[in-house]
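Right, one structure below, let's go through it.
Note that the structure is predicted; figures quoted are calculated from it, not measured. Both counts, for ligands and for their atoms, begin at 1 and track the order of listing. We count residues from 1, following the sequence as given.
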Amino acid sequence: MKDTVKIITGTVGVDAHVIGTKILSRALREAGFNVIELGAQTPTEEFIKVAQETDADAILMSSLYGMAEQDLQGFKEQCLEAGLDDVLLYIGGILAVSKHDFKEDEVKFKKLGFDRVYPPEADMEAAFEDLRSDLRIKGKM
Ligand code: B12
């Protein structure tokens, strides 16, 4: 069991919507997690590099500008190639353009390799409970 669980946050691709990831990072810290905050416009390669360097336990990614599906093609495979098999992948925000059922996003992003997918204005406390539960299953909490 680790003393401090390390979580990486940030918005992916060229997404400049930084407010949600900042609020999320602060709430994670208040909940006792060690947060490595990458901020806005973080390339997928940077998430992977920092996860390797810090031996992170989870990546909590945000995307609001509607391009997440394009940004994240092949991301899970790159994580696996980088030896990050055990890193939890969560994503939230506004994941696609135009009005549609969130369930479609959930299916799409799970296919892309994400463990958990959250709708706009997701309840952060519920997400943290998911995180604790997933970390416990992996024996990291
Ligand atoms: C502020 C804003 C901007 C600002 C961003 C300023 C900044 N530095 O952050 C500026 C003006 C730069 C901007 C630009 C653009 N924007 Co804008 N923007 C917004 C706006 C009004 C608010 C976003 C925000 O800050 N919300 C408040 C935060 C607190 O909420 P949040 O990010 O959703 O995060 C919360 C939850 O979702 C959750 N959460 C977030 N991530 C995660 C991750 C996990 C794992 C979990 C558990 C939870 C979680 O926790 C957070 C806290 O509660 C939204 C409209 C809206 N109603 O959302 C449009 C919006 C996101 N923008 C939009 C667009 C289109 C753009 C532009 C493309 C416009 C343009 N043509 O240039 C550009 C994109 C620029 C870029 N490269 O990214 C669209 C996106 C459309 C889509 N996805 O279908 C929106 C939805 C507006 C709209 N209705 O059309 N924008």
Show which atoms of ligand 1 fall inside a sub-4.0 Å distance from at least one heavy-atom site of [X].
{"X": "A96", "value": "82 (C), 83 (N), 84 (O)"}
{"X": "Y118", "value": "47 (C)"}
{"X": "A127", "value": "47 (C)"}
{"X": "G66", "value": "83 (N)"}

Protein non-hydrogen atom below 4.0 angstrom of [atom] present:
{"atom": "atom 89 (N) of ligand 1", "result": "no"}
{"atom": "atom 80 (C) of ligand 1", "result": "yes"}
{"atom": "atom 19 (C) of ligand 1", "result": "yes"}
{"atom": "atom 38 (C) of ligand 1", "result": "no"}
{"atom": "atom 69 (C) of ligand 1", "result": "no"}
{"atom": "atom 2 (C) of ligand 1", "result": "yes"}
{"atom": "atom 10 (C) of ligand 1", "result": "no"}
{"atom": "atom 34 (O) of ligand 1", "result": "yes"}

Sole residue of D115, I91, L89 in side-chain contact (heavy atoms from CB on, under 4.5 Å) with I59: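 Exactly one candidate clears the test, L89.
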For K6, the option from V35, V87, D55 that meets side-chain contact (heavy atoms from CB on, under 4.5 Å):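 With K6 as partner, side-chain contact (heavy atoms from CB on, under 4.5 Å) holds for just one option, D55.
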Option nearest atom 27 (C) of ligand 1 (shortest heavy-atom distance, choices D15, I19, V18):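 Nearest option to atom 27 (C) of ligand 1, by heavy atoms: I19.
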[atom2] on [Y] to [atom1] on [X], rounded to 0.5 Å:
{"X": "M67", "Y": "L72", "atom1": "CE", "atom2": "CG", "value": "11.0 Å"}
{"X": "E104", "Y": "F109", "atom1": "CD", "atom2": "CZ", "value": "11.5 Å"}
{"X": "L28", "Y": "I23", "atom1": "CG", "atom2": "CD1", "value": "12.0 Å"}
{"X": "F114", "Y": "E106", "atom1": "CZ", "atom2": "CD", "value": "13.0 Å"}

Heavy-atom gap M61 to ligand 1 smaller than 4.0 Å: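 In this structure, M61 qualifies as a contact of ligand 1 - some heavy atom is under 4.0 Å.
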Pairwise side-chain hydrogen bond (donor to acceptor under 3.5 Å, both in side chains) hits with a residue in residues 9-27, at least two apart: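 Of all non-adjacent pairs touching residues 9-27, those that pass side-chain hydrogen bond (donor to acceptor under 3.5 Å, both in side chains) are T9-S25, D15-H17, R26-E30.
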No-hydrogen, no-angle side-chain donor-acceptor test under 3.5 Å, Y90 and D134: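 Side chains of Y90 and D134: pair found under 3.5 Å.
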Backbone of I7 reached by a side-chain donor or acceptor of D57 within 3.5 Å: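 No, D57 side chain to I7 backbone: no donor-acceptor pair under 3.5 Å.
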Measure the distance from [atom] to every protein heavy atom, then report the residue, atom name and distance (to 0.1 Å) of the closest one.
{"atom": "atom 36 (C) of ligand 1", "answer": "E121 N, 3.9 Å"}
{"atom": "atom 53 (O) of ligand 1", "answer": "M124 CE, 3.7 Å"}
{"atom": "atom 77 (N) of ligand 1", "answer": "V14 O, 2.8 Å"}
{"atom": "atom 40 (C) of ligand 1", "answer": "S62 OG, 3.8 Å"}
{"atom": "atom 30 (O) of ligand 1", "answer": "G20 CA, 4.3 Å"}
{"atom": "atom 86 (C) of ligand 1", "answer": "I94 CD1, 3.5 Å"}
{"atom": "atom 48 (C) of ligand 1", "answer": "L24 CD1, 4.1 Å"}
{"atom": "atom 29 (C) of ligand 1", "answer": "I23 CD1, 3.5 Å"}

All side chain to side chain donor-acceptor pair (under 3.5 Å) counterparts of K138, not counting sequence neighbours: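 If we apply the side chain to side chain donor-acceptor pair (under 3.5 Å) test to K138, skipping adjacent residues, the hits are D86.
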Does any non-hydrogen side-chain atom of [Y] lie less than 4.5 Å from one of [X]?
{"X": "L24", "Y": "F128", "answer": "yes"}
{"X": "V14", "Y": "Y65", "answer": "yes"}
{"X": "V50", "Y": "E46", "answer": "yes"}
{"X": "D105", "Y": "H100", "answer": "yes"}

Protein N/O/S atoms closer than 2.8 Å to atom 17 (Co) of ligand 1: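 Protein N, O or S atoms closer than 2.8 Å to atom 17 (Co) of ligand 1: H17 NE2.
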Minimal non-hydrogen separation, D71 against G13, with atom names: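 Distance-wise, the nearest heavy atoms are OD2-CA, 3.7 Å.
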Closest non-hydrogen atom pair, L95 against A68: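 Result for this residue pair: O-CB, 4.0 Å.
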Residue portion contacting ligand 1 (non-hydrogen atoms closer than 4.0 Å) for A40: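 Looking at A40 and ligand 1, no heavy atom falls under 4.0 Å.
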For I94, the rest of its hydrophobic cluster, which grows through side-chain links under 4.5 angstrom: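 Members alongside I94: L64.
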